Amino acid sequence: MSESTAAHGDRPEITSYDDPAAPWNQDFSETDIAHWNDDVIAEFRANDGKVGGAYEGADLLLLTTTGAKSGREHTVPLGHLYRGDTVYVSSFVEDKYPAWWHNIKANPAIRVELGGKTYTGRGRVLEGEEYREFADWVLANNPLLADFQAKIDRPIPLVVLEFGERS
């Protein structure tokens, strides 16, 4: 098995944002999209963080935030990335920042499910000089996010997740 397929079974590694095999470039019905996260979340929780389908083999976590407008909890599966020991998340949403980004900006308290463990903590939306320094590193070290950034007009969202107590 080649290095490019080792991480994801028989699927080749996605190295370009425009890769037609990438989950974000697939055609799904409105019904599929409306329940997409529900199915991934249920599978994640039933299998200690492992999922199949479009995200098989991916490193995922579940991020729960409090809605900036609604005040209700919202849970979303996200691919998480590392810069040393720092865990961060971003998004491939092209036309706006994702709801979880706005939620963390308004209320940084988060819950993170990673594998079979749950943590409380804080999310920190990076801004200003801290954002610029972190984004420079991310874009130099993450070809997919660099490729995505080259295709959009706004800065990619970057949020650092700070884990607290395990619950």
Side-chain angles (χ1 to χ4, degrees), residues 3-4 6-9 11-17 19 21-26 36-68 73-94 96-127 130-131 133-149 152 155-167:
E3 283 184 37
S4 64
H8 303 288
R11 296 181 322 156
E13 183 178 346
I14 296 169
T15 58
S16 166
Y17 175 72
D19 187 325
W24 52 86
N25 289 325
Q26 304 303 307
W36 181 273
N37 284 347
D38 297 340
D39 293 342
V40 174
I41 290 166
E43 185 176 8
F44 183 102
R45 288 177 173 157
N47 297 300
D48 287 331
K50 301 211 182 323
V51 298
Y55 297 109
E56 183 175 358
D59 290 328
L60 294 181
L61 58 75
L62 299 183
L63 176 66
T64 301
T65 60
T66 301
E73 285 192 345
H74 297 277
T75 301
V76 61
L78 292 171
H80 59 289
L81 304 161
Y82 293 91
R83 179 181 183 186
D85 292 333
T86 302
V87 178
Y88 70 98
V89 291
S90 191
S91 174
F92 288 134
V93 176
E94 292 182 15
K96 60 186 175 188
Y97 286 130
W100 55 262
W101 183 90
H102 291 285
N103 294 347
I104 288 172
K105 197 163 170 85
N107 179 355
I110 60 171
R111 187 173 62 246
V112 175
E113 295 170 61
L114 186 57
K117 298 179 178 112
T118 302
Y119 303 88
T120 58
R122 296 177 55 82
R124 192 163 42 87
V125 172
L126 299 182
E127 299 177 295
E130 183 181 25
Y131 176 89
E133 187 278 327
F134 204 94
D136 287 347
W137 181 89
V138 167
L139 297 177
N141 290 281
N142 187 312
L144 278 176
L145 284 174
D147 189 30
F148 176 63
Q149 180 64 86
I152 62 172
I156 58 171
L158 290 173
V159 173
V160 169
L161 304 179
E162 299 167 344
F163 293 60
E165 296 293 316
R166 184 174 162 198
S167 54

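Worth saying up front: this structure is predicted, and the values here are computed from it rather than measured. Index from 1, following the sequence.
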Would you check, one step at a time, whether the test side chain to side chain contact (heavy atoms under 4.5 Å, CB included) holds for V138 with R83? CA-CA 8 Å; V138 167; R83 179 181 183 186; 5.9 Å; no

In short, V159 meets W101 closest at the heavy-atom pair CG2-CD1, 3.6 Å

Where do Y82 and W137 come nearest, in terms of heavy atoms and distance? O-CH2, 3.5 Å

So CG of L161 and CG of L61: to nearest 0.5 Å the spacing works out to 6.5 Å

Here the gap from T66 atom OG1 to E73 atom CD, rounded to the nearest 0.5 Å, amounts to 5.5 Å

Please set out all donor-acceptor pairs under 3.5 angstrom arising from side-chain atoms of residues 86-93, sequence neighbours excluded.
{"residue": "S90", "atom": "OG", "partner": "P157", "partner atom": "O", "Å": "2.5"}
{"residue": "S91", "atom": "OG", "partner": "V93", "partner atom": "N", "Å": "3.1"}

Decide yes or no on side chain to side chain contact (heavy atoms under 4.5 Å, CB included) for L63 and I104, but give the supporting numbers first. CA-CA 10 Å; L63 176 66; I104 288 172; 4.0 Å; yes

To the nearest 0.5 angstrom, please state how far the CG atom of N103 sits from the NE2 atom of H74. 5.5 Å

Does some side-chain heavy atom of R111 sit less than 4.5 Å from a side-chain heavy atom of T118? yes

Shortest non-hydrogen contact from Y119 to G164? CD2-O, 4.2 Å

Can you find a pair of side-chain heavy atoms, one from N37 and one from T75, that are under 4.5 Å apart? no

Determine the minimum heavy-atom distance between Y97 and I156, stating which atoms define it. CE2-C, 4.1 Å

Under the side chain to side chain donor-acceptor pair (under 3.5 Å) definition, can you give me all pairs with a residue in residues 45-54, not counting sequence neighbours? R45-E113

What are the two closest heavy atoms between L60 and L114, and how far apart are they? O-CD1, 3.8 Å

